[in-house]
Amino acid sequence: MSIVLDDLKSLLQTAANEIFTNGVDTLLYPFRHRGRVFQIVGAVLEDGEYIQFTIPCLLDLTDVPDREKVLSRLLDLNRRIKMLKFCYDPSDGEVSVSIEIPLEDGTLTERQAHRCMHVLSSIATQERDNLLTLIRTGVYPGSSDPEFTGSVSRLLGPDAEVDSEFEALLDADMAARGYPTLLDL
């Protein structure tokens with residue numbers, strides 16, 4: 001079973017927003033999440049058997065002198081996070097993030113569509129902040145990054161030890177702030 005653009009639009013349409021389409025295969029959907037509005041591009045591909053939701057322009061790496069660390073982190077995120085794909089366009093420095101759903105002979109439900117929007121916007125928010133920190137400081141915030149734990153260790157002083165208990169506290173703090181760990185998704 002395939003999906004057409006009007007079907008996708010009706011799954012996402014609410015009274016609170018207006019969805020713009022090109023009438024053929026692409027729509028622009030303003031998704032509200034945690035006080036922010038994300039402009040999500042939805043595309044119906046392969047004769048309706050494949051759906052892609054993308055947040056374009058998540059980051060601009062044009063003026064970032066040390067892109068290698070950011071690109072390495074994007075590759076790691078692609079490896080670790082289900083269904084999500086971070087993309088980098090070397091021609092203009094744009095980083096985008098997308099979810100791609102092969103429908104083949106299935107269908108897309110309203111619940112699935114909204115789950116995709118929620119996961120896409122949650123991770124985009126969290127990772128944009130983390131990647132901006134990486135760009136500014138050279139350290140990716142998170143207890144799994146040895147540079148991060150080393151930096152915390154230097155801040156705490158030479159006598160302090162950063163151990164698994166400290167890392168557990170960091171993870172608990174992130175969870176308490178509403179940030180899911182990447183392994184939870």
Side-chain angles (χ1 to χ4, degrees), residues 12 17-22 25-45 50-101 115-156 162 166-167 170-171 173-185:
L12 300 172
N17 65 5
E18 185 173 348
I19 297 174
F20 305 95
T21 73
N22 68 353
D25 59 4
T26 305
L27 60 81
L28 180 64
Y29 176 60
F31 181 71
R32 287 161 179 74
H33 180 70
R34 293 187 181 169
R36 297 177 73 179
V37 177
F38 293 89
Q39 299 300 327
I40 297 176
V41 176
V44 177
L45 307 167
Y50 195 79
I51 305 294
Q52 181 182 49
F53 296 113
T54 303
I55 296 177
C57 305
L58 183 68
L59 282 174
D60 181 2
L61 300 182
T62 305
D63 297 325
V64 176
D66 185 17
R67 285 186 209 136
E68 185 176 315
K69 281 186 173 186
V70 177
L71 296 176
S72 270
R73 183 53 63 177
L74 292 175
L75 284 172
D76 185 49
L77 291 169
N78 282 345
R79 180 185 61 82
R80 292 178 31 206
I81 301 174
K82 295 182 270 188
M83 293 177 39
L84 239 61
K85 182 168 74 173
F86 288 84
C87 302
Y88 170 69
D89 184 348
S91 68
D92 63 3
E94 175 190 359
V95 174
S96 61
V97 60
S98 65
I99 288 182
E100 299 176 356
I101 307 155
R115 179 173 183 228
C116 287
M117 297 298 127
H118 179 75
V119 168
L120 184 62
S121 59
S122 293
I123 292 176
T125 300
Q126 176 182 341
E127 290 309 321
R128 183 175 192 282
D129 292 343
N130 290 343
L131 291 167
L132 285 171
T133 299
L134 176 63
I135 291 167
R136 280 191 310 272
T137 66
V139 178
Y140 182 81
S143 60
S144 63
D145 188 331
E147 288 187 47
F148 177 74
T149 54
S151 296
V152 170
S153 198
R154 285 189 300 279
L155 288 171
L156 293 175
V162 178
F166 178 73
E167 289 180 3
L170 286 174
D171 289 340
D173 180 59
M174 291 295 281
R177 293 174 189 249
Y179 294 111
T181 62
L182 296 178
L183 299 176
D184 291 339
L185 300 173

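Please read these numbers as outputs of a predicted model, since none were measured by experiment.
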Derivation and outcome, side chain to side chain contact (heavy atoms under 4.5 Å, CB included), residues Leu12 and Phe53: CA-CA 12 Å; Leu12 300 172; Phe53 296 113; 4.1 Å; yes
Pair Ile51-Val44, side chain to side chain contact (heavy atoms under 4.5 Å, CB included): steps then yes or no: CA-CA 5 Å; Ile51 305 294; Val44 177; 4.0 Å; yes
Test side chain to side chain contact (heavy atoms under 4.5 Å, CB included) applied to Cys57 and Gln39, step by step: CA-CA 10 Å; Cys57 305; Gln39 299 300 327; over 6 Å; no
Glu127/Leu77 under side chain to side chain contact (heavy atoms under 4.5 Å, CB included): CA gap, chis, key distance, verdict: CA-CA 9 Å; Glu127 290 309 321; Leu77 291 169; 3.6 Å; yes
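Rounding to the nearest 0.5 angstrom, the gap separating the CG atom in Leu74 from the CG atom in Leu59 is 7.5 Å. Separating the CZ atom in Phe20 from the CG atom in Leu27 is a distance of 11.0 Å, to the nearest 0.5 Å. The distance from the CG atom of Leu58 to the OG1 atom of Thr125 is 8.5 Å, given to the nearest 0.5 Å.
Contact of the Leu61 side chain with the Leu71 side chain is registered, since non-hydrogen atoms from C-beta on lie closer than 4.5 Å. The closest side-chain heavy-atom distance from Leu120 to Leu84 is below 4.5 Å. Side-chain atoms of Ile123 and Phe86, non-hydrogen and from C-beta on, do get closer than 4.5 Å to each other.
Nearest heavy atom pair, residue Leu28 against residue Pro30, reads O-CD, 3.7 Å. Nearest approach of Met117 to Ile40, heavy atoms of both residues: SD-CD1, 3.4 Å. The nearest pair of heavy atoms linking Thr54 to Ser98 is OG1-CB, 3.4 Å. A pairwise comparison of heavy atoms in Ser96 and Pro56 identifies CB-CA, 3.9 Å as the closest pair. Listed here is the closest heavy atom pair of Gly93 and Tyr88: CA-CE1, 3.7 Å.
Between the side chain of Asn22 and the backbone N or O of Asp25 there is at least one donor-acceptor pair closer than 3.5 Å. Panel note: side chain Glu100, backbone Gln52; no donor-acceptor pair is recorded below 3.5 Å. No side-chain donor-acceptor contact under 3.5 Å links Arg36 to the backbone of Phe31. Using modelled atom types, one side-chain atom of Thr137 and one backbone atom of Val139 make a donor-acceptor pair closer than 3.5 Å. A donor-acceptor pair under 3.5 Å is absent between the side-chain atoms of Lys69 and the main chain of Leu134, judged by distance alone.
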